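Read the structure below first, then the notes.
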Amino acid sequence: MSNINNQTQDLYSIESVQDLDHEDAATVSGGSLDLSDLRNGKGRRLNNLTRSYATLGSFNNKATWYDVKGPRSWFAWSGKNFTGQRFLLKAGTKGNLRFSNNNIESVSPVF
Ligand SMILES: [Ca+2]
Ligand SMILES: [Ca+2]
């Protein structure tokens, strides 16, 4: 009897893990932001950002392309700590950056 119970528990755990794929996680948290350092999503990527970053570290001044998934827009800043010029990346859009190309150093969701 206890064997059967354990098996049921295990099946439940596996199912829960599978439910939490990237898309679901993004929906739950209100969306996510992907960046890449070359045009059209190519090159090095920074994927599934879901919160503010005061610096993008080694990715600073590298982003050339973006993809905003989910219902929330994002701000991208030309300086660290949300300083400098602010750019709006609208919810549901993606594409190559123009004015902020190779200039973004911090990002934050628009609340
Ligand atoms: Ca670049
Ligand atoms: Ca910059």
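Please read all numbers here as calculations on a predicted model, not as lab measurements. Just follow the structure's listing: the first ligand is 1, and inside any ligand the first atom is 1.
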query = With a 4.5 Å limit on heavy-atom distance, are the side chains of D34 and K69 in contact?
reply = yes
request  = Using side chain to side chain donor-acceptor pair (under 3.5 Å) as the criterion, list what pairs up with D37, not counting sequence neighbours.
outcome  = none
key: Angular separation of T64 OG1 and D37 O about the Ca ion (ligand 1), given to 10°   = 80°
Within residues 51-62 or reaching into it, pairs that qualify as salt bridge (charged side-chain N to carboxylate O under 4.0 Å, His left out) - sequence neighbours excluded = none
Counting only pairs under 3.5 Å, give me each side-chain donor-acceptor contact of residues 76-92, with atom names and distances, residues two or more places apart or in other chains.
from, atom 1, to, atom 2, distance (Å)
S78, OG, Q85, N, 2.7
K80, NZ, E105, OE1, 3.2
T83, OG1, K80, O, 2.6

ask   = Side chains of D67 and W65: does their closest heavy-atom pair fall under 4.5 Å?
value = yes
key: Close side-chain approach of L56 and L35, heavy atoms under 4.5 Å   = yes
task = Supply the atom-to-atom distance F59 CZ to R45 CZ, rounded to the nearest 0.5 angstrom.
result = 9.0 Å
ask   = Counting backbone and side chain alike, does K62 bring an N/O/S atom below 3.0 Å of the Ca ion (ligand 1)?
value = yes
task = Report, as a single number, the protein N, O or S atoms less than 3.0 Å from the Ca ion (ligand 2).
result = 5
